[in-house]
Novice: 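One structure is given below, represented as structure tokens, and several questions about it will come after.
Quick note on labels: first sequence line is chain A, next is B, and so on, each numbered from 1. Computation of the quantities below employed the complete heavy-atom set of this structure, encompassing side-chain atoms and omitting hydrogens, waters and symmetry-equivalent molecules.
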Amino acid sequence: MFAFDSKTRIIKTSHGEIQTPVFMPVGTNATVKSLSPEDLKAIGSQIILANNYHLFLRPGSENVQKLGGIHKFMNWDRPILTDSGGFQLWSLKGKYSEDGVEFKSQIDGKNFFWTPEDAIQSQIQIGADIIMALDVCTPDKASHADTKKAMDITHSWLKRCKNVAGDTTLFGIIQGGMHKDLRIESAKFVVDQDLPGIAVGGETIGYNMDGTEEVMSWISDILPKDKPKYAMGLGLRPSDLVRAVKCGFYMFDCVAPTRLARNGALYCKDSPTERIDISKSIYALDENPIDNCCDCPTCKTYSRAYLHHLFKCKELLFYRLASMHNLRVMIRTVTKLSSHHQS
RNA sequence: UCCGUGGUAGCUCAAUGGUAGAGCUCUUCGCUGUUAACGAAGAUGUUCGGGGUUCGAGUCCCUGCCACGGAG
């Protein structure tokens, strides 16, 4: 079950509604690192993302299915989107052909071969509310010829994914790198498939925000108003989300908030870099919260000095408190944009 | 008091008589559909003091100081 109301910008799924624009915390291994489902709800997470590639390798998509599906498995009753694994297979240097992609398990080095149909079947077994087509990610600086080749495979795979998705909500992914004609061609192709949602992917997206805005401007007129538009991997900084929403995109995911949190970089709007490095000794006696205006559980209770101390000691509580803060900042950022649009 | 062992970077310790190093700490930088509670770079020395041997001593010899262990 899937529906999108373009007036309220609310997505409806069988696991509940999602008010867009939305930021989806990344829970690669059926967990958002260091956080419980209760923690995620406390900071307003409406939907989370999990990863097909990782869950396929461990515990195995079939096992997730046997255990009642990912919602039951991880005790998360709100919507879940799975990434197809396209990005992982690209970054792990999988060998691509028209037929599929050959890759090595990062866990034990075992060889696998996935057709686009395999990637869909695995995601259906996992049981996400929204699944992604298997695509070929394109590097920021790829030549026109290489980009076209990757795009053509992505398109033919999208049709094959669609053929086996059945009732499951499938999003297609626009590729085309930094080449205007290819992005336009790809956008038209994906739109023509008439899928419930449309994503834009590629290394550029989120990684190079000026390039991202350019890509979005090329395709904005082609994209339908009545479907959710998802910018994959975008969300390094809160301001990136603001820029992308202005370009008409409403769904985002990024590992940055949680990874940066674990590495001591905490979002703070008072800083020119939009974040502070809590490891620095200037915070050792700083009794202020990370951000005075933040409404997250961490800022309501704990000081920079305490977080600095926990980080220096590599105490486990730090990762949880820091992750809740960074995710809350991202979620609040897009929530504010939602109310602006409606008023 | 005697015997033994040791003293090298802030810490724990390397270094056949031949340019004093590592890990941690510290400082700085990075992190983008998570191979990432990670990665990269940088800083730091009267080698306990004083003498001696040697072309050359952290290293060998003498001596003092300090720490630890054992004996009394």
Novice: Hey, which sits more toward the 5' end of RNA chain B by its nearest nucleotide, A:L316 or A:L49?
Specialist: A:L49

Novice: Is A:K280 close enough to B:C29 that one of its side-chain N or O atoms is under 4.0 Å from OP1 or OP2 there?
Specialist: yes

Novice: Examine B:G33: is either OP1 or OP2 under 4.0 Å from a nitrogen or oxygen in the side chain of A:S91? Give yes or no.
Specialist: no

Novice: Is the closest basic N to carboxylate O distance between A:D295 and A:K300 below 4.0 Å?
Specialist: no

Novice: Just checking, is any N or O donor in the side chain of A:E98 or A:S156 under 3.5 Å from an acceptor N or O on the other one?
Specialist: yes

Novice: Answer yes or no: does a side-chain N or O of A:K312 lie under 4.0 Å from OP1 or OP2 of B:U27?
Specialist: yes

Novice: Would you mind telling me which of B:U34, B:G33, B:C31 lies closest to the side-chain atoms of A:L236?
Specialist: B:C31

Novice: Assess, by modelled atom type and distance only, whether the side chains of A:T82 and A:Q123 contain a donor and an acceptor separated by less than 3.5 Å.
Specialist: yes

Novice: So, OP1 or OP2 of B:G39: does either fall under 4.0 Å of a side-chain N or O from A:N263?
Specialist: no

Novice: Nearest of B:C31, B:U35, B:A37 to any side-chain atom of A:Y319?
Specialist: B:A37

Novice: Given B:U34, B:G33, B:C38, which nucleotide is nearest the side-chain atoms of A:Q88?
Specialist: B:U34

Novice: Report yes if a side-chain nitrogen or oxygen of A:S281 is closer than 4.0 Å to either non-bridging phosphate oxygen (OP1 or OP2) of B:U27; otherwise report no.
Specialist: yes

Novice: When you check the phosphate oxygens OP1 and OP2 of B:C31, does a side-chain N or O of A:R237 lie under 4.0 Å from one of them?
Specialist: no

Novice: Hey, is A:K149 close enough to A:D146 for a salt bridge, meaning N to O under 4.0 Å?
Specialist: no

